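To start, the structure itself, in structure tokens.
Just so you know, ligand 1 is whichever comes first in the structure, and atom 1 is the first atom listed for that ligand. Predicted, not measured: the structure shown is a model, and the values here were computed from it.
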Amino acid sequence: MNVLLLGSGGCEHAIAWKLTQSSLLSNLYVAPGNAGTDSIATNVDIDIMDFPSIGRFVRKHDINMLIVGPEAPLVEGIIDFFQDSDKFEGLVTIGPRKAGAMLEGSKDFAKAFMVRHDIPTADYATFTNNDIDAAKVFIDEITPPYVIKADGLAAGKGVIITSDRAEAKATLDDILVGNQFGDAGSQVVIEQFMEGIEVSYFVVTDGDAYRILPSAKDYKRAGDGDTGPNTGGMGAVSPVPFVDAEFHTKTLNQIIIPTIKGLKEDEIPFNGFIFIGLMKVGSDPYVIEYNTRLGDPETEVILPRVKSDLLHMFDALGSGMLSEYDLQIDERAATTVILTSGGYPGAYDKGITITGLDKTPDAKEGIVFHAGTKTSRGKVQTNGGRVIACTGLGANLEKALERSYKIADSIDFGKKQYRKDIGQDVIAKEE
Ligand code: AMP
Ligand code: GLY
């Protein structure tokens with residue numbers, strides 16, 4: 001099978017790595033990819049938002065399956081583009097159509113969906129720039145902290161949480177009037193603050209059958225102890241010790257099954273991943289948000305724990321046979337520590353040569369996934385804020401973390417930064 005995978009992050013390197021282990025794979029192309037995917041597949045220099053160019057590549061290279069990593073092309077309708085054209089008959093696409101991707105593309109859409117289908121989530125109200133005054137009155141009426149979210153895609157930066165009423169109102173002005181997030185901020189969702197601990201669930205579904213991948217916890221803040229600005233994610237662990245049988249059953253019955261049933265009732269076809277960000281409040285799960293793709297860096301701990309063939313799973317998904325697929329999970333723990341460029345998530349330099357990549361860990365102990373890297377004149381250089389994901393595997397989280405940090409110490413580039421406390425909170429809770 002010839003496969004084209006879109007994306008260039010650590011998530012896509014992990015997907016590519018897993019696909020190359022499949023006996024079903026003939027050729028793997030990654031657009032645009034990074035230095036990591038370059039070493040195991042063929043990178044293709046195509047803009048992932050340029051659907052006609054992707055289409056030409058698909059035809060020229062006899063691509064049988066298109067896998068979409070990031071959210072932006074999904075929300076723009078890349079799946080509709082391929083599914084609705086008779087030029088691409090037989091092409092298997094992995095990812096939801098635009099209608100399903102709206103669960104990620106609009107917070108208001110996702111909230112209304114959850115209310116409609118009785119899925120537990122924080123209470124909320126939505127405002128457009130025509131009702132900014134009403135939004136400010138709403139702020140006066142509710143108790144802090146105030147959670148304000150730009151409606152559309154904002155690369156993880158569209159959520160502002162503050163206990164300061166004046167700052168909350170200024171945030172509304174910035175988003176609704178100042179267009180801080182462009183079109184993504186033409187509406188805001190204001191919601192009740194939930195006190196709890198976060199965990200992410202990953203479900204793959206064809207709209208009927210579903211499989212639940214290992215749960216994971218990511219670390220979004222830049223600094224140790226969950227301090228500093230939000231980032232795309234500084235590390236992740238899987239499994240998550242506080243996800244016990246009771247919590248899992250509640251998540252399945254109150255959230256996962258109603259979500260899939262809700263999509264069906266709303267006549268929204270779905271063929272891909274639903275990544276559910278959950279808050280465990282007391283012992284109950286509440287949805288923080290939906291994404292309609294895999295997570296980064298969560299994928300770098302989830303896929304190393306999947307023992308069964310990923311391409312086989314995608315093939316089953318594409319042919320409506322997911323119910324027959326036997327998903328097998330490795331009992332071992334996986335952790336990842338992200339090495340970032342100095343300054344991230346603010347301004348940072350690119351083009352710095354990375355050393356130590358030749359000392360790859362034993363595959364049983366760890367895997368180095370590339371994120372913001374590129375190959376330049378035979379050398380691997382930094383090319384983004386998040387540079388390398390150091391994934392460790394072990395009998396428990398402590399052992400996996402030891403291996404992640406061993407890799408983190410052995411790879412270097414100028415102004416390398418990373419969090420030193422990945423996983424410590426959940427390990428402390430376990431004791
Ligand atoms: P989101 O992009 O909606 O996942 O929000 C980003 C982050 O903001 C989440 O990972 C949470 O840490 C936090 N957050 C979002 N909504 C809430 C809420 N209602 N209560 C508490 N924290 C929240
Ligand atoms: N790590 C969070 C995300 O991928 O959205």
Side-chain angles (χ1 to χ4, degrees), residues 7-12 14-15 69-72 74-75 101 103-111 114 120-126 142-163 168 171 175 181 184-185 188-202 213 215-222 226-238 240 273-281 284-303 336-338 340 345 369 371 385-386 389 419 422 425:
S8 61
C11 167
E12 286 78 19
I15 295 172
E71 62 277 20
L74 293 171
V75 171
L103 280 183
E104 174 162 6
S106 166
K107 304 260 188 211
D108 175 61
F109 176 90
K111 283 297 211 179
M114 286 183 257
T121 189
D123 288 341
Y124 82 108
T126 301
I142 60 176
T143 45
Y146 309 103
V147 181
I148 300 173
K149 302 184 173 183
D151 181 56
L153 294 183
K157 300 191 181 81
V159 178
I160 291 93
I161 300 177
T162 175
S163 290
T171 298
I175 301 177
F181 298 107
V188 293
V189 167
I190 303 178
E191 53 177 63
Q192 191 189 11
F193 181 82
M194 296 186 285
E195 188 76 57
I197 182 158
E198 287 178 54
V199 55
S200 300
Y201 260 72
F202 296 85
L213 295 163
S215 57
K217 181 177 192 298
D218 83 340
Y219 292 80
K220 290 199 174 86
R221 299 292 201 94
D226 282 333
T227 54
N230 259 322
T231 70
M234 299 293 290
V237 301
S238 178
V240 184
F273 293 100
I274 308 179
F275 156 5
I276 311 173
L278 292 176
M279 188 74 83
K280 184 179 183 188
V281 182
D284 293 319
Y286 287 80
V287 177
I288 301 172
E289 65 162 355
Y290 289 112
N291 297 297
T292 57
R293 54 179 169 83
L294 281 172
D296 203 346
E298 292 92 333
T299 308
E300 293 95 297
V301 293
I302 292 171
L303 291 186
T336 201
V337 173
I338 305 290
T340 64
F369 292 120
R386 294 190 290 169
R419 269 181 69 163
I422 300 302
D425 55 341

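Closest heavy-atom approach to atom 4 (O) of ligand 2 within the set Thr299, Asp218, Asp296: this belongs to Asp296. Summarising the contacts of atom 9 (C) of ligand 1 with Glu289, Met279, Glu198, Met194, the nearest heavy atom is found in Glu198.
Side-chain N or O atoms of Arg386 include one that pairs as donor or acceptor with a backbone N or O of Gly232 at under 3.5 Å. In terms of modelled atom types and a separation under 3.5 Å, the side chain of Arg221 and the main chain of Gly228 share a donor-acceptor contact. Side-chain atoms of Asp123 never come within 3.5 Å of backbone atoms of Gln192 as a donor-acceptor pair (strictly under, hydrogens ignored). Proximity of a side-chain donor or acceptor of Glu104 to a complementary backbone N or O of Ala101 within less than 3.5 Å is not detected.
Considering backbone and side-chain N/O atoms, Glu298 comes within less than 3.5 Å of an N/O atom of ligand 2.
Of all the heavy atoms of Arg293, the ones lying under 4.0 Å from any atom of ligand 2 belong exclusively to the side chain. Within the 4.0 Å heavy-atom criterion, neither part of Asn230 lies near ligand 1.
Ion pairing between a basic and an acidic side chain is recognised when a charged N comes within 4.0 Å of a carboxylate O; Lys217 and Glu198 show no such pairing. Using a cutoff of 4.0 Å between basic side-chain nitrogens and carboxylate oxygens, Asp226 and Lys220 are not scored as salt-bridged.
The closest approach between any non-hydrogen atom of Cys11 and ligand 2 is not below 4.0 Å. At least one heavy atom of Gln192 sits closer than 4.0 Å to an atom of ligand 1. Ligand 2 is approached by Gly295 to a heavy-atom distance shorter than 4.0 Å.
Residue-ligand proximity, Glu191 to ligand 1, at heavy-atom distances under 4.0 Å covers atoms 16 (N), 17 (C), 18 (C), 19 (N). Taking every non-hydrogen atom of Ile161 and a distance limit under 4.0 Å, the qualifying atoms of ligand 1 come out as 8 (O), 13 (C), 14 (N), 22 (N), 23 (C).
With no hydrogens or angles considered, no side-chain donor-acceptor pair links Lys111 and Thr126 at under 3.5 Å.
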